[in-house]
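Right, one structure below, let's go through it.
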Amino acid sequence: QILVIMSAPPAKQAKTATSEVLPQLPPVTATQSLADANSDALIVVADFSAPLGIAELDSALEAAKQLDSAVLSQTNVIACAAVAGGKLVIAPTGHTDKDYDDVRAFAEAAGAGVARAKASGAKRPTLLVKVREDLPPAMASMYAQVMPASLLGLLAALYVPIEVREDPAEDVAALKKSLEGVMVYVPASAGMSGDETEQMIKQAVAVELGRCVSRDICGGDPERMAAPRVAEYVEALFESLPVQVTVRADDDFSPDFPCLEAVARCSRDVPRHAPRVIDLVYTSTDEVKKTLFLVGKGITYDTGGADIKAGGIMAGMHRDKGGAAAACGFVYTCALLQAKGIKVVAKLAMVRNSVGSNAYVSDEILRSRAGVRVRVGNTDAEGRMAMVDLLCQAKEEALSAVNPQLFTLATLTGHQVRAYGTGYFATMDNGPARVAKTSQQLIDAGLQIGDPCELSTVRREDFAFIQSKYVTEDVVQANSAASTMTMRGHQYPAAFLTVTSGLDNHGISSATPIPYTHLDIAGGTKMWPVPVSGTPIPALTQAFVV
């Protein structure tokens, strides 16, 4: 069964049960006034190491310091007759002049500031962001995108989970309340034209709505975001946008995606958990100069399969669909912005790794779509299995695409979290992508917008690790140990994906080199109960769209 929906250009969205609860944000507008009549509070985000250079604010802050010497070191509300609503919210960043500082300090402070503003009763706050003027040029350049990064931090703090938005009970009604509006203070001295300001706000709002989609899908519980219901959500999401949506609900994916079907087959015993493969295609209305392929891991729940996650480590595994969620959110952002010059193809592998008598097991030998014989070494390494045949399909399509760049996005390994910590995703290139400096683009873009990533490299040891141990297979999918206990535990899966998809035949020295970058976003996505971050949507947008 294949369902194809070709949506029309942006128009009024149809009212469906799902579309009514799609992510929404309050209106965001710009102002040049600290006391705009349409606002009722001013949130000031700064490190407060020196006067702001705005007399009416500096006098109020100095008076507050006389009363409380710690007032500028924590989020506070003080009275100030010169600002909107007479209410000044102090949102300190901490120091911003160290070599390791970045715009996240402003984004986090803006989030804390808007939470405090809401708690004070504000409904239409204005955001003012102030960067120190005494920073050396090399450091000041790190804050070039401080305004959109801060706005993203503020908007992120307003997210309401989809389970709350859909709950009709009166006892959660208060949790659904958001702001009536947000204003951004952009004085004439900032040197931004009205069009530039409007575009900055539009981009930030589109990125945040993409992140909201990612949070909905990734953070949605295992039943609310089981594969069939993800498909329904995605259909409603793109109903009025220029994105082609194809949902495959095959009874058996083995002919096209044999590795994915191995993971999926046990889930078919429960129809509401049955797998879906979702393709999304956004195409710019002008000349396409770049084609991005994003293959997303969408494990709706990861029990570990036959190699079950025992000892209490299964909780939180509803978030193992972060790669597919982010890929979908990025397409949504591109569609909202009507991004120019690019085509984006997202392939979402929505599969549940269930456990039962029909579960795939270690030692099974399968042939991938590319014809590579795979020995299963660990059923808890299901993400690479779910993605690899879709990656092979993307490779096939890339051969006729304009300037292609392939990505896999996945909350793939605990090793990536162990290596880099929470808040960072890892990026690793094949040869052609390294030549194109794809990872470096993402690193630079992510640092600017507050969505940082770390560079990893796929080495010869990673390819050696997956090599055949016996004549029955060409590659081994994984070892039996946890990735956190395996040397190079987040790098060698990229080697598996490369070889098993046939991308190893498209390296630098081939006649048809194809750039491929693997993004392990396990650490960046963040685990329950911290809200899903929406990484790497800001970095991808900053690198390839803005």
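For the single chain, residues carry numbers from 1 onward in sequence order. Everything numeric in this text was worked out from a predicted model, so none of it was measured.
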Side-chain donor-acceptor pairs of residues 339-346 under 3.5 Å, sequence neighbours excluded:
none

Residues 389-407, side-chain donor-acceptor partners within the protein, below 3.5 Å, at least two apart:
unit_1: Asp389; atom_1: OD1; unit_2: Arg369; atom_2: N; d: 2.8
unit_1: Asp389; atom_1: OD2; unit_2: Cys259; atom_2: N; d: 2.7
unit_1: Gln393; atom_1: OE1; unit_2: Lys347; atom_2: NZ; d: 2.9
unit_1: Lys395; atom_1: NZ; unit_2: Ser501; atom_2: O; d: 2.9
unit_1: Glu396; atom_1: OE1; unit_2: Arg369; atom_2: NE; d: 3.3
unit_1: Glu396; atom_1: OE1; unit_2: Arg369; atom_2: NH2; d: 2.8
unit_1: Glu396; atom_1: OE2; unit_2: Arg369; atom_2: NE; d: 3.1
unit_1: Glu397; atom_1: OE1; unit_2: Lys347; atom_2: NZ; d: 3.4
unit_1: Glu397; atom_1: OE2; unit_2: Lys347; atom_2: NZ; d: 3.0
unit_1: Ser400; atom_1: OG; unit_2: Glu397; atom_2: O; d: 3.3
unit_1: Asn403; atom_1: ND2; unit_2: Lys289; atom_2: O; d: 3.2
unit_1: Gln405; atom_1: OE1; unit_2: Thr438; atom_2: OG1; d: 2.8
unit_1: Gln405; atom_1: NE2; unit_2: Thr517; atom_2: OG1; d: 3.2

**Prompt:** What residues form a ring pair (Phe, Tyr, Trp, His ring centres under 6.0 Å) with Tyr492, not counting sequence neighbours?
**Reply:** Phe465
**Pairing residues for Asp504 by the salt bridge (Lys or Arg N to Asp or Glu O under 4.0 Å) criterion, not counting sequence neighbours** = none
**Contacts of Arg272 that satisfy side-chain contact (heavy atoms from CB on, under 4.5 Å) - sequence neighbours left out** = Glu223, Val270
**Request:** List for me each residue that meets ring pair (Phe, Tyr, Trp, His ring centres under 6.0 Å) alongside Phe106, sequence neighbours excluded, and say none if there are none.
**Result:** Tyr143
**Message:** Tell me every residue that passes side-chain contact (heavy atoms from CB on, under 4.5 Å) with Val160, counting only those two or more places apart in sequence or in another chain.
**Reply:** Val164, Arg165
**Complete:** For Arg459, the salt bridge (Lys or Arg N to Asp or Glu O under 4.0 Å) test, sequence neighbours excluded, returns none
**Message:** Can you list everything that forms a side-chain contact (heavy atoms from CB on, under 4.5 Å) with Thr422? Sequence neighbours excluded, please.
**Reply:** Val417
**Request:** Could you list the residues that satisfy side-chain contact (heavy atoms from CB on, under 4.5 Å) with Asn505, not counting sequence neighbours?
**Result:** none
**Item:** Sequence-distant partners of Asp462, side-chain hydrogen bond (donor to acceptor under 3.5 Å, both in side chains), two or more places apart
**Value:** Arg488
**Complete:** residues 410-430 vs ring-ring contact (aromatic ring centres under 6.0 Å, His included), sequence neighbours excluded, gives His415-His490, Tyr420-His490
